[in-house]
Participant: 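What follows is a single structure, and I will ask about it in a moment.
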Amino acid sequence: MKIFLDSADINEIKTHQSSGFVDGVTTNPSLIAKSGRNIIETIAEICTLIDGPVSAEVTATDFETMLTEGKKLAAIAPNVAVKVPLTEVGLQTCRALADTGTKVNVTLCFTAGQALLAAKAGASFISPFVGRLDDIGKNGMGLIENICAIYANFDFDTKVLVASVRSTQHVIDAALLGADVVTLPPKILSSLYKHPLTDSGLEAFIADWKQTGQTIL
Ligand code: E4P
């Protein structure tokens with residue numbers, strides 16, 4: 001399972017990139033707004049740091065403008081994946097961009113039916129938002145299970161990119177279901193390393209080691 005970082009903050013991306021675990025980056029208009037920076041410059045800079053897919057999202061809602069925005073974002077770097085919303089216009093734009101060889105990440109997916117349409121529109125990635133479904137009392141991971149099953153039935157190439165991740169348990173569940181990618185807020189990636197028994201166990205090992213008076217080097 002690939003791990004993407006869900007961030008438009010260059011410093012956060014640099015910090016986590018050095019871990020070797022970051023296979024790609026996702027951004028959205030809210031994350032760009034939070035960065036306080038220009039979208040084109042920010043995506044270009046992220047693409048110099050990350051070899052894998054970097055998602056950059058369109059903001060228009062009509063087909064012509066959305067397609068023009070998508071082409072402009074795709075031209076920033078070869079590893080840009082253009083993010084479009086899961087609307088009728090978004091899927092038309094997805095088809096048009098995919099037909100010219102651009103990778104498209106279809107975002108804001110909340111049903112398996114939407115995911116089926118995205119795959120048929122040639123999406124490279126589908127982004128189901130598990131956390132936002134959980135927030136309204138629905139089963140986010142149940143959606144991932146259904147999408148994985150449907151895509152396997154028809155051998156679709158579209159990758160399931162689990163988005164809106166809120167916990168390390170979401171990451172484990174996504175891996176158990178065989179999802180292709182999870183995109184993680186930096187704090188969730190940091191949490192994946194941690195367990196209190198690791199910390200207390202290490203503390204005890206170091207204390208016992210000191211008693212021996214030995215050194216390895
Ligand atoms: C990723 O592509 C999504 O934009 C992101 O995971 C949304 O997460 P949120 O629901 O925490 O905003």
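Residue numbers start at 1 and run along the sequence shown.
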Participant: Just so I know, are the side chains of K72 and I40 near enough to count as touching, which here means a heavy-atom distance under 4.5 Å?
Facilitator: yes
Participant: With heavy-atom distances below 4.5 Å as the criterion, would you say the side chains of V80 and I43 are in contact?
Facilitator: yes
Participant: Should the pair K34-D9 be classified as a salt bridge under the 4.0 Å nitrogen-to-oxygen rule?
Facilitator: no
Participant: If you count the non-hydrogen atoms of other residues, nucleotides and ligands that lie under 6.0 Å from CG in D157, is the total more than 12?
Facilitator: no
Participant: Atom CD1 in I13, atom OG in S35: separation rounded to 0.5 Å?
Facilitator: 9.0 Å
Participant: Taking a hydrophobic cluster as the set of Ile, Leu, Val, Met, Phe, Trp and Tyr residues connected by side-chain heavy atoms closer than 4.5 Å, whether directly or through intermediates, do L177 and I172 fall within one such cluster?
Facilitator: no
Participant: Give the minimum heavy-atom separation between L5 and E12, together with the two atoms involved.
Facilitator: CD2-O, 4.0 Å
Participant: Is there a path from V104 to L161 through hydrophobic residues (I, L, V, M, F, W, Y) whose side chains come within less than 4.5 Å of each other?
Facilitator: no
Participant: Assigning hydrophobic clusters by single linkage (Ile, Leu, Val, Met, Phe, Trp, Tyr; side-chain heavy-atom cutoff under 4.5 Å), is L184 placed with I46?
Facilitator: yes
Participant: Would you give the length of the straight line joining atom CZ of F154 to atom CG of L116, rounded to the nearest 0.5 angstrom?
Facilitator: 7.0 Å
Participant: Would you indicate whether the side-chain heavy atoms of L97 and L67 approach each other to under 4.5 Å?
Facilitator: yes
Participant: Look at the side chain of D23 and the backbone N and O of G52, then say whether any donor-acceptor pair between them is shorter than 3.5 Å.
Facilitator: no
Participant: Flag yes if more than 12 heavy atoms outside D51 fall under 6.0 Å of its CG atom; otherwise flag no.
Facilitator: no
Participant: Rounded to the nearest 0.5 Å, what's the gap from CD on Q92 to CG on D62? Could you check?
Facilitator: 10.5 Å
Participant: Answer whether the closest heavy-atom distance between the side chains of I50 and F4 falls below 4.5 Å.
Facilitator: no
Participant: Keeping T168 on the side-chain end and S191 on the backbone end, is there a donor-acceptor pair under 3.5 Å?
Facilitator: no
Participant: Search all heavy atoms of V82 against all heavy atoms of G70 and return the closest pair with its distance.
Facilitator: CG2-O, 3.3 Å
Participant: Strictly distance-based, threshold 3.5 Å: is any side-chain N or O of T42 a donor or acceptor partner for the main-chain N or O of N38?
Facilitator: yes
Participant: Indicate, with yes or no, if L31 and I3 share a hydrophobic cluster defined by side-chain heavy-atom contacts under 4.5 Å among Ile, Leu, Val, Met, Phe, Trp and Tyr.
Facilitator: no
Participant: Does the T198 side chain pair with the main chain of K194, one donor and one acceptor, at a distance under 3.5 Å?
Facilitator: no
Participant: May I ask you to test the F129-L143 pair for a side-chain heavy-atom distance under 4.5 Å?
Facilitator: no
Participant: Check the pair M1 / V171 against side chain to side chain contact (heavy atoms under 4.5 Å, CB included), numbers first and verdict last.
Facilitator: CA-CA 10 Å; M1 183 171 69; V171 182; 4.0 Å; yes
Participant: Ignoring hydrogens and geometry, is there a side-chain-to-backbone donor-acceptor pair from E45 to I10 under 3.5 Å?
Facilitator: no
Participant: Looking only at heavy atoms, what is the nearest atom pair of V22 and H16, with distance?
Facilitator: CG2-O, 3.5 Å
Participant: Return the OG1 to NZ distance between T27 and K83, rounded to the nearest 0.5 Å.
Facilitator: 6.0 Å
Participant: At their closest point, which heavy atom of K103 faces which heavy atom of F125, and how far apart are they?
Facilitator: CD-CE1, 4.4 Å
Participant: Would you compute the distance between atom SG of C94 and atom CG of L117 and round it to the nearest 0.5 angstrom?
Facilitator: 10.5 Å
Participant: Test your reading of the model: is there a side-chain donor-acceptor pair from R95 to the backbone of K120, 3.5 Å cut-off?
Facilitator: yes
Participant: Is any side-chain heavy atom of R166 closer than 4.5 Å to one of D134?
Facilitator: no
Participant: Between L73 and I39, is any pair of side-chain heavy atoms under 4.5 Å apart?
Facilitator: yes
Participant: Is there a chain of hydrophobic side chains (I, L, V, M, F, W, Y, each step under 4.5 Å between heavy atoms) that links V165 to V25?
Facilitator: yes
Participant: For a quick test of reading the model, state the closest non-hydrogen atom pair linking S127 to N105 and the distance between them.
Facilitator: OG-OD1, 2.7 Å
Participant: Rounded to the nearest 0.5 Å, what separation is found between the NE2 atom of H170 and the CD1 atom of I144?
Facilitator: 9.0 Å
Participant: Examine distances only and state if a side-chain atom of E69 and a backbone atom of A60 form a donor-acceptor pair shorter than 3.5 Å.
Facilitator: yes
Participant: Do Y151 and K159 touch side chain to side chain, with heavy atoms closer than 4.5 Å?
Facilitator: no
Participant: Please give me the minimum heavy-atom distance between V130 and S164, naming the atom from each residue.
Facilitator: CG2-O, 3.6 Å
Participant: More than 12 foreign heavy atoms under 6.0 Å from CZ of F205: is that the case here?
Facilitator: no
